[in-house]
There are 2 protein chains.
Amino acid sequence: MTRKPRKDERHARILEVLRYTPHVRIATLATRFGVTTETIRRDLDALSDQGLLDRAHGGAVARPMGIQPPIDEREQATVDERRAIAHAAARLVEPGQVVMIDAGSTTTQLAWRLGTGDRALTVITNSYPVASAMASSTSRLILCPGDFNAREGGVFGQDTTDYLARFHANLAFIGASGLTGEGILDVNRDAAWVKRTLIARSERTYLLVDHTKFAQTVLELVAPLSAIDGIVTDRPPPESLARHLQRADVTVHVAGPVTADDPQRLTEEIA
Amino acid sequence: MTRKPRKDERHARILEVLRYTPHVRIATLATRFGVTTETIRRDLDALSDQGLLDRAHGGAVARPMGIQPPIDEREQATVDERRAIAHAAARLVEPGQVVMIDAGSTTTQLAWRLGTGDRALTVITNSYPVASAMASSTSRLILCPGDFNAREGGVFGQDTTDYLARFHANLAFIGASGLTGEGILDVNRDAAWVKRTLIARSERTYLLVDHTKFAQTVLELVAPLSAIDGIVTDRPPPESLARHLQRADVTVHVAGPVTADDPQRLTEEIA
DNA sequence: CAGCGCATTTGGTATTTACAACATAATTGC
DNA sequence: GCAATTATGTTGTAAATACCAAATGCGCTG
């Protein structure tokens, strides 16, 4: 489709530059490449449409992490919900506890929450985004070994579960691809094993799922409902699921929308 | 010193926002906080001076990673040199090899290099910046466990070295705080142990150091010169050090400046 | 409460960028 | 080589931003 060297080379080099500096100005790129600002502007718009960078006023900014270029539209759609869930989940954590946090978008949101606070936690995770989110806090951070999965931004595999098995936590927060009366489901086999280990190695386990996960039957059953102690979600689960949850003695926390003075609100409005 | 809530709160919230989105516009922040754009502009300038964010034309962009807020001025000063070193070191890697990469700024530069290429490497590292840099490549990535050190952006400790000891690599690239006739030195005890393990578990070890590390005697001796096979640096080492290196049979690679058509050049000019 | 220092606002102007419509140049396919 | 398509450059105008300096407001201290 595209075989022209000119434009493609510019695009490639623009992206390359953005790996080193988070922001480039249109004017700079234009003089550098010897083309008009209009051309660069068009380049940036094109790359932005492809989701490879974000536009800014005078230029472009790099997408955070080389991670998750192909974010599901479904994921995108539930940003607010997942923030609300993270907000509610953060209340379940008490100072000084040992907390295991699964890899995932909702759990990463939770980590941001916990990272801003000042509780002296010990956090064990297999996800770098989670570690990064908590980096500035006072918490102690233990990262798992394993094969790095760029898409998930975390490590998985036998090494990961073996390592996790050495620890014992007060709380574990896990995510999932689906939640049915049968139990918790996930699409990723390696991730499923990690989740099972997290459940096994913690006193209490909370599942963080938004409503789109309700009644989703996917590849693999991670664990039955009875394996977890509570779920944190954004909407009340449907009747049949609610019955199963009650029978399995799983408490249900439904998160309200984040408050207006919340810093995350700003992000939403900006986006 | 600062007890006023007004300004400080804005600053904190601006930084918070930048954790979620890579870019904010001045106008957006102004309307959000109910203050003038001038005020936000000053906020941004102040935060920029503190190195907490980068200014852009219409706003600000987040510093890449929550990592290394306090970068040494010395580190800052030798950016070009370290890029050149990374450029030269990347030539030492052949497709298909198993490569261990130490945590550090120079080694992270190397990872960027290797990440852009298409050699199918297996990379073992204790540094997330390294992993992140390579994420988009075809390489397999194995991350070590351990205590996460936000300042270094990597994991260290007994867990880390134990884990590393299970592997065997063709090449290892390590950094250091100092290099003298006596050997390789480092300020961080945990990091020193990791480096020793990297050396022990690889067929060949290259030390990546810029000229400011020459003749720097710091806390701990990591290993004698004879432990490594080569160094990659930006300037020829001083006479006495050169003699020691030759006696220890250490090859010296002196990197030239990066070529003009190199994508990184652009970054430098922008900065 | 007067005075001081700091943060913020206000107002005005110079620059820079965005946007759109059109002209020109380059490339491709036939 | 010609026509169609695409890429790039030009121009003009509106909007957004940057910069500067002075004025105002506000909190604090004595």
Side-chain angles (χ1 to χ4, degrees), chain A residues 1-18 20-63 261 263 266-271, chain B residues 1-18 20-63 261 263 266-271:
Chain A
M1 204 168 288
T2 70
R3 200 66 50 81
K4 288 68 176 284
R6 265 293 192 306
K7 190 169 66 168
D8 284 1
E9 187 185 331
R10 277 203 315 272
H11 286 195
R13 292 185 59 179
I14 289 171
L15 291 176
E16 189 114 20
V17 169
L18 281 176
Y20 298 95
T21 180
H23 178 260
V24 279
R25 301 190 56 157
I26 288 183
T28 313
L29 290 170
T31 58
R32 173 63 185 175
F33 293 144
V35 295
T36 317
T37 59
E38 285 304 305
T39 304
I40 300 294
R41 208 184 305 281
R42 277 188 282 259
D43 288 341
L44 262 39
D45 287 339
L47 290 169
S48 175
D49 287 344
Q50 294 175 48
L52 298 174
L53 51 77
D54 286 327
R55 283 298 319 265
H57 185 79
V61 293
R63 273 285 169 88
D261 64 337
L266 181 47
T267 310
E268 297 160 23
E269 287 160 20
I270 288 168
Chain B
M1 206 166 287
T2 71
R3 201 66 50 80
K4 289 71 177 280
R6 264 290 188 306
K7 190 168 68 167
D8 285 0
E9 187 185 331
R10 279 202 315 271
H11 286 198
R13 293 185 59 177
I14 289 171
L15 291 176
E16 188 116 17
V17 169
L18 282 176
Y20 298 95
T21 180
H23 178 261
V24 278
R25 302 190 57 157
I26 288 183
T28 313
L29 290 171
T31 57
R32 173 60 187 177
F33 292 146
V35 294
T36 317
T37 58
E38 284 303 300
T39 304
I40 301 293
R41 210 183 304 280
R42 270 191 301 270
D43 289 340
L44 263 39
D45 287 338
L47 291 169
S48 175
D49 287 343
Q50 293 175 48
L52 299 174
L53 51 76
D54 285 328
R55 285 295 321 263
H57 183 78
V61 293
R63 274 284 170 87
D261 64 337
L266 181 47
T267 311
E268 297 160 24
E269 288 162 19
I270 289 166

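Throughout, protein chains are lettered first and strands after them, A, B, ... in sequence-line order, and every chain is numbered starting at 1. All values derive from a computational prediction rather than experimental measurement.
Nucleotide D/dA7 holds its P atom 10 Å from the CZ atom of A/Arg10, rounded to whole Å. The distance between atom NE2 of A/His23 and atom P of D/dT17, rounded to the nearest whole Å, is 12 Å. Rounded to an integer number of Å, the gap from B/Ile26 CD1 to C/dT17 P is 13 Å. Whole-Å rounding puts the B/Leu29 CG to D/dT17 P distance at 11 Å. Going from atom CD1 of B/Ile40 over to atom P of C/dT8 covers 9 Å, rounded to whole Å. Going from atom CG of A/Leu47 over to atom P of D/dA7 covers 13 Å, rounded to whole Å. Rounded to whole Å, atom P of C/dT27 lies 14 Å from atom CD of A/Glu9. At whole-Å resolution of the value, CZ in A/Arg55 and C1' in D/dA16 are 14 Å apart.
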The test is side-chain contact (heavy atoms from CB on, under 4.5 Å); show your working for B/Leu44 and B/Leu29 and say whether it passes.
CA-CA 10 Å; B/Leu44 263 39; B/Leu29 290 171; 4.2 Å; yes

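Listed nucleotides: D/dT17, C/dT16, C/dT8. Nearest to the side chain of A/Arg25: C/dT16.
Residues B/Ala60 and B/Leu18 come closest through the heavy atom pair O-CD2, 3.9 Å. For the residue pair A/Val61 and A/Ala56, the shortest heavy atom distance occurs at CG1-CB, 4.3 Å.
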Protein-nucleotides 9-12 of chain C N/O pairs under 3.5 Å:
{"from": "C/dT9", "atom 1": "OP2", "to": "B/Thr36", "atom 2": "N", "distance (Å)": "3.1"}
{"from": "C/dT9", "atom 1": "OP2", "to": "B/Thr36", "atom 2": "OG1", "distance (Å)": "3.0"}
{"from": "C/dT9", "atom 1": "OP2", "to": "B/Thr39", "atom 2": "OG1", "distance (Å)": "2.3"}
{"from": "C/dT9", "atom 1": "O5'", "to": "B/Thr36", "atom 2": "OG1", "distance (Å)": "3.1"}

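Every side chain to side chain contact (heavy atoms under 4.5 Å, CB included) that A/Ser48 has, sequence neighbours left out, goes to A/Leu53, A/Arg55. Applying the side chain to side chain contact (heavy atoms under 4.5 Å, CB included) rule to A/Thr37 yields the partners A/Ile26, A/Ala30, A/Arg41; only residues at least two apart in sequence or on another chain are considered. For A/Thr36, the side chain to side chain contact (heavy atoms under 4.5 Å, CB included) partners at least two apart in sequence or on another chain are A/Glu38, A/Thr39.
A/Ala56 comes within 4.0 angstrom of the backbone, heavy atoms only, and of no base.
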